[in-house]
Asks: 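I'd like to ask you about the structure that follows.
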Amino acid sequence: MPITHTPARSRRATMLGAAVLAAAVLPLTVAAAAPENVPENVPDNASATAAAPSATAPKTAPKPGDVVVDEDFSSGRLPDGWTAVEGQWAVSGGRLYGNSTSSGQQSRITFGRHLADFRFEATARFETAADAARWTALGLDVPADGAVPWSIATMRTGTTAANGIEFAQRTAANAWNVTDTGSAPAAAGTGRDVKVAVEVHGSTARWFFDGREVLRTTRVQRSADGGQALLVNGAKVAFDDVRITALAPGGYLRPAGSPLTVIAHRGASSAAPENTLASDEVARRAGAEWIENDVQPSKDGIPHVLHDDTVNRTTNGTGAIRGLTAAQLAALDAGSWFAPQYAGARIPTLAAQLDDLRTRGGKLLLEIKGAHTRDEVARIVQDIRDHGMTDRVFVQSFEVDALRHVRDLAPELPRGLLRSTLDADPVAISAELGLAAYNPSDAALSARPGVIADLHKAGVALMVWTVDAANRWQSLEAAGVDGVITNRPAELAGWNSAFLQRPAPQPPAAPTVRITGIADGATLDRAQTPLAGAAATGADTTVLTLDGTPLADGTALDLRTLPAGPHTLRAEATGAGGKATASAAFTVAVTPTGLAHVILTSKADDNAVATLTTMLAHGHWKQIAQWADNQAGRSIPTAAAKTVVADANTLAAR
């Protein structure tokens with residue numbers, strides 16, 4: 001694992017200050033320090049296993065959603081096609097164990113197949129580690145023989161460190177190149193299962209730790225045939241549930257739990273002169289994943305990066321860009337107007353910008369500015385192809401004809417339609433043009449935010465322009481927008497960092513419920529009038545029943561009318577976190593006091609009450625039962641008489 005102890009820099013601060021102003025001349029990547037020496041005392045509790053024979057890769061390419069690798073290691077041996085290149089690898093107890101005895105040993109096992117777009121998932125657990133800097137990694141592009149160069153996504157045991165999570169490369173010179181560092185919200189430590197995943201789209205990748213995105217990169221070094229791998233350094237790590245799933249190209253839709261995609265409008269145009277290589281570099285260092293620039297041709301047909309129809313505003317020259325030759329444009333100063341330190345910056349040709357992106361990193365959201373003929377679009381496409389950048393350029397335009405030309409000339413290039421007002425049916429026009437993204441203004445989207453769900457259902461992303469305020473970023477993120485085009489990429493990247501540090505959403509708490517008013521197991525006589533109720537937490541609805549019959553909460557139970565014997569109160573609470581139930585069983589007991597209460601409150605006539613109470617005072621239970629049965633519906637209400645008869649017979653039988 002690459003080891004770098006340089007403190008993580010604030011991406012928000014990158015945009016400001018003298019360092020930003022000189023960013024265009026700074027190196028792109030951070031070189032890692034040499035691996036540290038650690039004691040070679042990591043125990044090995046899984047025996048070394050010889051490399052398994054390599055399996056023949058399927059001839060047909062997997063479709064998006066196809067699971068290419070799905071391994072839970074239940075066979076008890078290394079799976080076919082998994083090659084242990086270095087270190088000790090063995091399967092035991094339904095887990096794959098990888099062991100590296102020192103920080104200088106990059107233990108690795110290769111498998112899978114070459115995929116441009118895929119999701120790599122695994123459960124990883126550090127069993128032991130020499131120190132908190134030791135690591136394990138998901139190999140994103142590793143040759144089957146494990147030879148350099150390769151690209152990995154790493155996780156240290158001390159994942160909360162500034163470089164606890166990384167994207168890195170082992171170069172052809174067998175040296176480390178750490179391209180991106182970050183931290184996770186919790187420490188992996190030892191003895192803890194961590195669900196890790198990386199989504200890869202070409203040179204772009206997102207790192208997920210226990211379901212939360214923790215780091216992004218646009219600088220995964222890809223090869224023509226590298227597959228996947230697991231790596232361990234200075235530690236023993238157990239792996240389970242390794243899965244590789246093929247994804248659709250692009251990955252422009254924002255995964256759940258991920259922040260907004262940062263798209264730098266004309267580069268970092270609030271910190272450097274727009275549409276120059278300097279503003280591109282500042283944007284890159286600020287954390288932008290896409291650099292948005294404009295392209296239009298010079299008089300001699302050379303595509304140049306410029307927003308306006310004329311050079312008047314952003315250079316020391318005058319005139320329409322289409323009226324000036326490439327040589328004339330090359331002589332103009334495109335930086336002094338912004339700040340003295342940018343004096344001498346030039347209007348780049350598209351070819352120069354593509355060279356810069358290819359060598360220094362980043363992806364281009366390229367706006368074809370204004371009306372273009374088919375031949376002019378063909379020249380743009382030629383430049384993109386000649387520089388090998390078709391997998392890192394996304395073309396957008398307000399001009400439908402320009403997008404049609406791109407679709408016909410280079411169907412492999414993703415396309416986005418810019419809009420100041422929404423189309424009547426954004427989904428329909430997206431389907432007609434084969435769009436990967438629909439890119440409206442913030443004002444237009446605010447008028448009809450419901451189109452976000454419609455477009456997402458159709459697989460079309462939304463990249464909204466041009467938004468520089470944090471309150472709007474928050475609203476757009478909550479609405480489900482995928483990316484924001486902004487003049488302030490450093491601020492948005494910093495806002496995203498804060499987003500990633502928010503507490504993970506917790507599942508709704510399970511509801512609780514208890515019966516009130518009557519204790520479970522209680523014995524009651526008919527003279528009592530308990531209040532039956534239910535107290536619940538985390539519930540949207542609570543249903544209370546007595547012997548299966550619904551009952552209002554807080555009902556006073558009339559025990560004069562209940563049959564003697566056992567009864568059950570039951571409560572069921574339902575909420576977002578599920579259901580909870582509670583019950584209380586109680587018994588209605590027959591007692592002389594209870595019988596007296598029934599008689600006195602029966603609404604019988606005075607003579608009947610006097611007769612019954614006289615017999616009750618002498619304990620003449622059978623006579624009470626006979627007399628009440630005879631007077632039922634006459635001097636004694638029928639329901640009350642029925643209870644008196646039943647209870648008197650019960651007392652007589654004792």
Side-chain angles (χ1 to χ4, degrees), residues 511-537 539-575 579-654:
T512 65
V513 65
R514 61 185 177 85
I515 300 295
T516 62
I518 299 179
D520 188 34
T523 297
L524 309 173
D525 66 27
R526 297 192 188 279
Q528 296 173 273
T529 310
L531 296 177
T537 63
D540 298 320
T541 60
T542 303
V543 176
L544 182 67
T545 59
L546 173 61
D547 299 332
T549 301
L551 192 69
D553 187 26
T555 297
L557 296 184
D558 187 354
L559 301 188
R560 299 172 304 172
T561 61
L562 289 180
H567 299 274
T568 300
L569 277 170
R570 187 176 186 276
E572 182 178 276
T574 303
K579 291 184 178 181
T581 60
S583 62
F586 66 95
T587 300
V588 175
V590 176
T591 66
T593 301
L595 178 57
H597 180 71
V598 173
I599 293 170
L600 292 172
T601 60
S602 64
K603 296 185 179 180
D605 64 30
D606 292 344
N607 182 58
V609 171
T611 300
L612 289 171
T613 54
T614 299
M615 288 189 285
L616 186 146
H618 292 88
H620 295 160
W621 314 120
K622 286 187 178 181
Q623 290 89 330
I624 291 174
Q626 292 170 354
W627 199 84
D629 185 53
N630 178 265
Q631 292 297 311
R634 295 158 58 188
S635 64
I636 307 173
T638 301
K642 182 179 179 181
T643 300
V644 170
V645 170
D647 283 11
N649 282 329
T650 297
L651 291 169
R654 291 178 180 173

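Just so you know, these numbers use all the heavy atoms, side chains as well, and skip hydrogens, waters and symmetry mates. Just so you know, residue 1 is the first one in the sequence shown, and it goes up from there.
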Asks: Which atom pair, heavy atoms only, marks the closest approach of Ile515 to Ala571?
Replies: CD1-CB, 3.7 Å
Asks: Under the ring-ring contact (aromatic ring centres under 6.0 Å, His included) rule, collect the residues that match up with His567, sequence neighbours excluded.
Replies: Phe586
Asks: Looking at Ala534 and Leu544, what are the two nearest heavy atoms and their distance?
Replies: CB-CD1, 4.3 Å
Asks: So Thr523 and Thr587, side-chain hydrogen bond (donor to acceptor under 3.5 Å, both in side chains) or not? Walk me through it.
Replies: CA-CA 5 Å; Thr523 297; Thr587 300; 4.8 Å; no
Asks: Between Asp547 (side chain only) and Thr568 (backbone N and O only), is there a donor and an acceptor less than 3.5 Å apart?
Replies: yes
Asks: Which pair of non-hydrogen atoms, one from Ala582 and one from Arg514, has the smallest distance, and what is that distance?
Replies: CB-CA, 3.9 Å
Asks: With a 4.5 Å heavy-atom cut-off, do His597 and Leu559 have their side chains touching?
Replies: no
Asks: Let me have the donor-acceptor pairs involving side chains of residues 607-628, under 3.5 Å, with sequence neighbours excluded, atom names and distances please.
Replies:
unit_1	atom_1	unit_2	atom_2	d
Thr611	OG1	Asn607	O	2.9
Thr613	OG1	Val609	O	2.8
Thr613	OG1	Ala610	O	3.1
Thr614	OG1	Ala610	O	2.8
His618	ND1	Thr614	O	2.9
Trp621	NE1	Gly619	O	3.4

Asks: For Val588 and Pro563, which heavy atoms make the closest approach, and how far apart are they?
Replies: CB-O, 3.9 Å
Asks: Does any part of the side chain of Glu572, heavy atoms only, come nearer than 4.5 Å to the side chain of Val513, both counted from C-beta?
Replies: no
Asks: Give the C-alpha distance, both sets of side-chain angles, the deciding distance and a yes or no for side chain to side chain contact (heavy atoms under 4.5 Å, CB included) between Val644 and Leu595.
Replies: CA-CA 7 Å; Val644 170; Leu595 178 57; 4.1 Å; yes
Asks: Hey, are the side chains of Leu551 and Thr545 touching, using non-hydrogen atoms and a 4.5 Å cut-off?
Replies: no
Asks: Can you give me the closest heavy-atom contact between Gly633 and Thr638, atom names plus distance?
Replies: CA-OG1, 3.4 Å
Asks: Which atom names give the shortest non-hydrogen contact between Pro592 and Leu651, and what distance separates them?
Replies: CD-CD2, 4.1 Å
Asks: Does the side chain of Thr516 come within less than 4.5 Å of Leu531's, by heavy atoms?
Replies: no
Asks: Give every residue pair that meets the side chain to side chain donor-acceptor pair (under 3.5 Å) criterion with at least one member in residues 550-565, sequence neighbours excluded.
Replies: Asp558-Arg560, Arg560-Thr601
Asks: Are Leu524 and Pro530 close enough that some pair of their side-chain heavy atoms sits under 4.5 Å apart?
Replies: yes
